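A short worksheet on the structure shown next.
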Amino acid sequence: MSETWRDPSDPEPVRRLRIFNGGFLTQPRVRRILALRGWQTGFGRVQDGDHIGVWGQSPTAHRGEAVAALKNTPIVRVEDAFLRSLFPGRVESAPPLGLLIDTSGVHFDPSQPSDLEKLLATDPLDDAAILSAARDAIAALQAEHLTKYTAFDPLAPAPEPGYVLVVDQTKGDASVTASGADRNRFLEMLFVAREDHPNARILIKTHPETQGGHRPGHFTDADIGGNVAFFSDPVSPYALLEGAIAVYCVSSQFGFEAILAGHKPHLFGQPFYAGWGLTQDAFPIDLRQRKLTRAQLFAGAMMLYPAWYDPYRDALTDLSGAMQALAAETRAWREDHHGWSAAGIRMWKRQHMQRFFGRHQPMKFDAPPKPDQPQRRHMVWASTADVTMPGVCRVEDGFLRSKGLGAELVPPMSLVVDDLGIYYDPTQASRLETLIRKRATLRQDERRRAEALVKRFVCMALSKYNVGGAAPTLPEGRKVLVVGQVEDDASIRLGTSDVTTNAGLLAAARAARPDDVILYKPHPDVEAGLRIGTVEDTSAADLVLENTDIAPLLSAVDEVWTMTSLTGFEALLRGVHVVTLGAPFYAGWGLTEDRGDVPPRRREDISLAGLVHATLIDYPRYLDPVTGAPCPVEVVVDRLATGAVARPGAGNRILSKLQGVFASQAHLWR
């Protein structure tokens, strides 16, 4: 293992960092990350052993630099990490996801070697596990379209392929100044690009901060014409790079991403990624003679150098944790920023739905789609959806819902939005089916994540509702668990034909397994008197398990029988054989014994890890009940394990009882 590698959970020694501008004090996230890395920030007299903290080479850095020179005190330069937030800090005030904390220099200034340059020059960078993780992370960044600022639509069209990209930067950018560049250098770069590619379209890619007039760039309208044009559409950098035949830049991070995408960019500055054999350098850096692979450069710059922050657990994390946090925030923005109209949403759910989907544009309830607002999407609660409506999205509870019943009006921590169908309706394709097929093959990091999720899910004894008491002592013998359901549940109405009642399910299990121990577990909503599905004659069962937590029970049985219950999926996670009499979403993929009518379109063998990744990672949206922010599934698992979850108020509990009176007439809850 490289000596530069630090486990984010390792405690750091405390060192005092004296600061001389107020910017640090107005950014609590910055101070918190510094504190987690052992830097105690504050004003005060500089003493022996102290360091001076400055922000990169910002206009205010001179204050700290002057004190450091006077006191002969070392400087620590702080910068945003290479994955930051949805928008630049000047566009929208948002805290960074990580910091670059450098005790030697600053990564973009080649005049003095930074910690990053020293790492890239001297570290062996030969740890097979780190390099493998680096390659997976590069693929994940491209698949998720994650970059420093992620507020763009990855489906936005890129130009027709075959163009040359010339990358502009903002005037006054410290990395441009550190490279000795100015407008003339940018004009020289454009001239060379035109000379190298006289017949190609040349697109000047503008910087995000130039949009809206926040900061000017180096190129002006006078520089375009002929085969040269500005390109400022908010398009994924990876989509742009895929269609480019060459890339020219001074010191932009876009050049680093070009390397990750397989380009060898032409550089007219001296950024951190120059000089390692991966770029064509107009101004070589003599001290950088080492040849690095893309994976080595990425491992140093993205995994070993930054301090990444976990905003959910208020702790340092690794690159993977930071990417998961940014992906969750980014997904919410990309899906929600045009706004939602909604129908069929019960009154008690609306406040929670606003928290889920209205962070960037308030939701409009009981509002039909409007032709004059084509970008505002429309959702309908799945059980009330009019399947003839074009373009409607169906919304439903996710698979890790809460600690408590939906019928008791406990707010969910996960919701699914499906633009094709809905997961419990096998009569038509759903987005989940598409995602499951997509996960027929997994990268190693995807497989590890899914397997780790399963392990934690099982170890924490989690389920959808996480209610009920301990199981009694079970009889000896081979145990078959028959899982009761709410009989008017949409998944039964749409996904079963021969067996549609709990009594029929119990009888079928007994007939097929006459010598086994049959255990019957009623659905908790039915036990609570909130839904229909009571079995009057349970003589086919050897034991009826009332008010029993399903999760530990699944680890004690040999087989599970179900019509369409999610419990079958939870049993698969524990390695239990599952028999389905309907067509739940997890049937038909080679993982279950299917006795129901499973759609022919599901005839592809999928690994359990692939099913888990699609079902628990890709398909649902999650909301952290502690921070109120979009989050990855692992955070919800932790909240359920620790009990840090939302609970219903007194009004909701009364309403849930009234709802039970009418449950047999209304298909409102699942």
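Everything numeric here is computed off the predicted structure, so don't read it as measured data.
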Can we say E117 and R288 salt-bridge, meaning some charged N sits less than 4.0 Å from an Asp/Glu carboxylate O?
yes
Side-chain heavy-atom pair L616, Y622 within 4.5 angstrom cut-off:
yes
Would you call the rings of H107 and Y305 parallel, tilted or perpendicular, taking 30° and 60° as the class edges?
perpendicular
When every non-hydrogen atom of V235 is compared with those of F152, the smallest separation belongs to C-CD1, 4.2 Å
V78 side chain near W39 side chain, heavy-atom distance below 4.5 Å
no
Give a yes or no on whether a salt bridge exists between R377 and E335, defined as a side-chain N under 4.0 angstrom from a carboxylate O.
no
R185 vs F283 side-chain heavy atoms within contact, under 4.5 Å
yes
Nearest 0.5 Å, please: how far is CG in L97 from CG in D80?
10.0 Å
Answer yes or no: is there a side-chain heavy-atom contact under 4.5 Å between D168 and H207?
no
Mind running side-chain contact (heavy atoms from CB on, under 4.5 Å) on V67 and R18 for me, showing each step along the way?
CA-CA 10 Å; V67 176; R18 292 308 188 195; over 6 Å; no
Looking only at atom types and distance, does a side-chain atom of N227 sit under 3.5 Å from a main-chain N or O of A200, one as donor and one as acceptor?
yes
What pairs with H266 under ring pair (Phe, Tyr, Trp, His ring centres under 6.0 Å), at least two apart in sequence or on another chain?
Y248
Return the minimal non-hydrogen interatomic distance between P110 and I285, and the atom names on each side.
CB-CD1, 4.1 Å
Does the distance from a Lys or Arg side-chain N to an Asp or Glu carboxylate O, for R431 and D419, drop under 4.0 Å?
yes
Tell me whether E242 at atom CD has more than 12 heavy atoms from other residues, nucleotides or ligands lying less than 6.0 Å away.
no
Could you check whether R448 pairs with D136 (Lys NZ or Arg NE/NH1/NH2 to Asp/Glu carboxylate O, under 4.0 Å)?
yes
Taking only Lys NZ, Arg NE, NH1 and NH2, and the carboxylate oxygens of Asp or Glu, determine whether R449 and E634 approach each other closer than 4.0 Å.
yes
Approximate separation, where rounding is to 0.5 Å, of D223 CG and I202 CD1
12.0 Å
Donor-acceptor pair, Q169 side chain versus S252 backbone, under 3.5 Å?
yes
Flag side-chain contact, heavy atom, 4.5 Å: E65 against I75
yes
Side chain of T26, backbone of G23: donor and acceptor closer than 3.5 Å?
yes
Verify, without hydrogens or angle tests, whether W276 (side chain) and A274 (backbone) share a donor-acceptor contact under 3.5 angstrom.
yes
Considering all heavy atoms, the nearest Q112-S104 contact
NE2-O, 2.6 Å
The reported gap from CD1 in I130 to CE in M303 (rounded to nearest 0.5 angstrom) is 6.0 Å
Donor-acceptor pair, distance only, cut-off 3.5 Å: does the side chain of T615 make one with the backbone of L611?
yes
Please name the residue in the list I224, V166, V228 that meets the side-chain contact (heavy atoms from CB on, under 4.5 Å) test with F219.
V166
Hey, does W308 have a side-chain heavy atom less than 4.5 Å from the side chain of L83?
yes
Could you tell me whether the side chain of R63 and the main chain of V54 form a donor-acceptor pair under 3.5 Å?
no
Separation of L100 CG from S114 OG (nearest 0.5 Å)
9.5 Å
Where T317 and A322 come nearest, the two heavy atoms and their spacing:
CG2-N, 3.8 Å
Using the side-chain contact (heavy atoms from CB on, under 4.5 Å) rule, take F186 and R183 through it: C-alpha gap first, then chi angles, then the decisive distance, then the call.
CA-CA 5 Å; F186 280 82; R183 171 170 160 76; 5.6 Å; no
Drop me the distance from L86's CG to K148's NZ, to the nearest 0.5 angstrom.
14.5 Å
Tested for salt bridge (charged side-chain N to carboxylate O under 4.0 Å, His left out) against E329, the lone hit among R334, R359, R621 is R359
Using modelled atom types and a 3.5 Å cut-off, is there a donor and acceptor pairing between side-chain atoms of T41 and backbone atoms of L17?
no
For D318 and S320, test the side chains for any donor-to-acceptor distance below 3.5 angstrom and give the result as yes or no.
no
Which pair of heavy atoms, one from G64 and one from I52, lies closest together, and at what distance?
O-CG2, 3.4 Å
Side chain to side chain, T150 and W333, heavy atoms closer than 4.5 Å
no
Derivation of the side-chain contact (heavy atoms from CB on, under 4.5 Å) call for Q296 and D123
CA-CA 10 Å; Q296 287 175 315; D123 193 288; over 6 Å; no
Would you say T330's side chain and L326's backbone share a donor-acceptor pair under 3.5 angstrom?
yes
Show your reasoning for whether side-chain contact (heavy atoms from CB on, under 4.5 Å) applies to V635 and R313.
CA-CA 8 Å; V635 173; R313 302 172 182 87; 3.7 Å; yes
Counting N and O atoms only, with roles assigned by atom type, does the side chain of Q27 sit under 3.5 Å from a partner on the main chain of P95, one being a donor and the other an acceptor?
no
Would you check if I245 and V164 make a side-chain contact, meaning some heavy-atom pair closer than 4.5 Å?
yes
Step by step, work out the ring pair (Phe, Tyr, Trp, His ring centres under 6.0 Å) result for F82 and Y273.
CA-CA 12 Å; F82 301 122; Y273 53 87; 9.0 Å; no
Is it true that a side-chain atom of R31 and a backbone atom of L25 form a donor plus acceptor pair closer than 3.5 Å?
yes
Report the distance from atom CD1 of I436 to atom CD1 of I606, rounding to the nearest 0.5 Å.
7.5 Å
On a heavy-atom basis, which atom in R331 and which in I617 lie closest, and how many Å separate them?
NH1-O, 4.2 Å
Going by distance alone, is a donor N or O of one side chain under 3.5 Å from an acceptor N or O of the other, for T103 and D115?
yes
